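A short worksheet on the structure shown next.
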Amino acid sequence: MASSPREERRFQGQGVSPGVARGMAYVHRPAHDEVPSYPLPEGRAEEEIGRLEKAIAQTRAQLTEIQERLTGAIGAKEAVIFDAHLLVLEDPLLLDEVVRAVQDERVNVEFAVHRTAHRLADEMSRLKDSYLSERAADILDVARRLLQNLSGRSHPGLGLIHAEHILVAHHLTPSDTAQLPREFVRGFLTEVGSKNAHTAILARSLGLPAVSGLAKIDGAIETGAEILVDGWRGLVIVDPLPGTLQEYDEFERRRAQAEEDLNALRETASTTRDGRHLVLSSNLALCDDLPLISMCGAEGVGLYRTEVFFFQHDALPDEEAQFENYARVAEAVKPHGVIIRTLDVGGDKPLDCLDQPAESNPFLGLRGIRLALERREMFRTQMRAILRASAVGEVKMMFPMISGVAELRHAMQLLEECRGELRAEGRSFDEKMEVGIMIEVPAAALCAADLAREGIQFFSIGTNDLTQYTLAVDRLNEGVAALHDHAHPAVIRLIRLVADAGHEAGLWVGLCGEMASDLAMVPLLLGLGLDELSAASLMVPRIKRAVQSLDMAECRALAQHALTLPDPCAVTAACEALARERYGDLLG
Ligand code: PEP
Ligand code: MG
């Protein structure tokens, strides 16, 4: 009987991270399936069994180590319980069934371990024998440890998917996104999410195509389905037909060519036609992306979001671990530098290990520098690590979410204490390391002249938050996403105020929010007087080409004009008109 032809299905959402990805869907349902289940790709069984063997060896080593430690601390008698755990690891009842499930049913090893362990434990506990009930608990305990070792994390969750896939989820937090196994995730789609949310910003920075705002996608796509994610157009195609795939192959070929042409700009400077140099740097989320920084021709890193590094750990990373990470970045971006932003958690970026009480309005709560000043030891540890990294390469430090002079003074005083400690310990650091602040709260923008006199060297304007707080528009809420507009006259007037106040006091002024990636805004930002722009690496070559095709006189005239306009649409129209004339092909 002829099989019925597959039907291609299309879903339209919002493209939150550009690019195209194809692969097997994995539907993540955190409440139900802590342990993922997916079909193994052809020929993967042996590799999967190899993973199981490795996890068994790791588990055995851990259990033996715990047993030895306990023997020393409380005596061999108590430590004997671990013999039972070690025996589970040799149990053919468990292991043979897991291997059979992987080989015959072609399911992933995590699922096989989870299912088999639960089946055996259920059977044992039903026998109502206290010895066997304890064995049931042992089996589950060992299975949990095996799963942790299979994922390499103490909270396995999404880290357990070891096959190339497109992740489908109702919602992903920034911390989920930071922990995705990069080698396996090709892209993601979510029901909830917006372009300005940190999850989307992270996806752009990681170069992961992503589409959000897809209502009810979870029920419409099953794990194992073939899908294509088009992050440029916000389109998701399930079971794409051969014609669609061909169309996309051609699209990708043209895009790759365009990318190559842009990358040819790598060695050129981001200088306007009349010779004004704009420092153009990259935003960095994860060290895995360091190669992108030089590949895209950026002048180092203008914003390193260190919270993403913290999200990859189950506990707060200590000074040494942080130092190594910051030093690695400083080394990798040479001969350029890196601006390391101190921890900005809170808001939509809770850090689980801090166990913060829930807030009814987290964006207006204990976030960024406020939290740092409360958790002083954590803050000092980070500042010590950053200072020490300044001995390795060109490092600058930046405080997030400053809203007034008192906060800045407090942070500077703690920084000075850290410097004193390091001097006393004979540790080297750059005594002249530049320190700056993010301007992302309207209060800070309005008080920029006061803040500029507090011994800092630069401002970096965070337009994602500055827009959110100035316009009272939640950056996560898709319902008001259209109102989150950085071209609003209030926002551009604040940018001008900050640029002027900074320059007046001898500071340099940059901008690291997503406005820098909006190609139509480049002439306006130049005209408003910014000295630096920092954006996702993917955007750097495009921004560079935009800068190279502009003239400062026209950018200043545009800014003058835009500052007189009463509404965002008029500002955008004026900017787009100039951008189209100079580099229309880039605007699409
Ligand atoms: C900003 O607010 O513009 C910014 C760069 O910081 P984040 O997006 O990390 O809040
Ligand atoms: Mg911000």
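Every value quoted in this text rests on a predicted model; they were computed, and no experiment measured them. Indexing begins at 1, ligand by ligand and atom by atom, following the structure's order.
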Report task. List the atom of Val473, the atom of Val480, and the distance in Å for their closest heavy-atom pair. Result -> CG1-O, 3.4 Å

Report task. Can you sort out the partners of Phe309 under ring pair (Phe, Tyr, Trp, His ring centres under 6.0 Å), two or more places apart, ordered by chain and number? Result -> His313

Query - No-hydrogen, no-angle side-chain donor-acceptor test under 3.5 Å, His503 and Asp531 - result: yes

Between ligand 1 and the protein, give all atom pairs where both partners are nitrogen or oxygen and the distance is under 3.5 Å, as lines of names plus distance to 0.1 Å.
residue, atom, partner, partner atom, Å
ligand 1, 2 (O), Glu440, OE1, 3.0
ligand 1, 2 (O), Asp465, N, 3.0
ligand 1, 2 (O), Asp465, OD2, 3.0
ligand 1, 3 (O), Gly462, O, 3.4
ligand 1, 3 (O), Thr463, N, 3.1
ligand 1, 3 (O), Asn464, N, 2.8
ligand 1, 3 (O), Asn464, ND2, 3.1
ligand 1, 6 (O), Arg341, NH1, 3.0
ligand 1, 8 (O), His198, NE2, 3.2
ligand 1, 8 (O), Arg305, NH2, 2.9
ligand 1, 8 (O), Asn464, ND2, 2.9
ligand 1, 8 (O), Arg475, NH2, 2.9
ligand 1, 9 (O), His198, NE2, 2.9
ligand 1, 9 (O), Arg305, NE, 2.8
ligand 1, 9 (O), Arg305, NH2, 3.3
ligand 1, 9 (O), Arg341, NH1, 3.2
ligand 1, 9 (O), Arg341, NH2, 2.8
ligand 1, 10 (O), His198, NE2, 2.8
ligand 1, 10 (O), Arg367, NH2, 3.1
ligand 1, 10 (O), Asp465, OD2, 2.9
ligand 1, 10 (O), Arg475, NH1, 3.0

Query raised in the report: Listed by chain and number, what are the salt bridge (Lys or Arg N to Asp or Glu O under 4.0 Å) partners of Arg384, not counting sequence neighbours?
Result: Glu319, Glu421, Glu425

Query raised in the report: Does a side-chain N-to-carboxylate-O contact under 4.0 Å join Arg367 and Asp465?
Result: yes

Report summary line: The protein N, O or S atoms lying under 2.8 Å from the Mg ion (ligand 2) are Glu440 OE1, Asp465 OD2

Query raised in the report: Are the charged groups of Asp551 and Arg556 less than 4.0 angstrom apart, N to O?
Result: no

Query raised in the report: Can you say whether the rings of Tyr304 and Tyr326 are parallel (under 30°), tilted (30 to 60°) or perpendicular (over 60°)?
Result: perpendicular

Query raised in the report: Can Gln356 and Arg375 be counted as having a side-chain donor-acceptor contact under 3.5 angstrom?
Result: yes

Report task. Answer yes if the side chains of His277 and Glu532 hold a donor-acceptor pair under 3.5 Å, and no otherwise. Result -> no

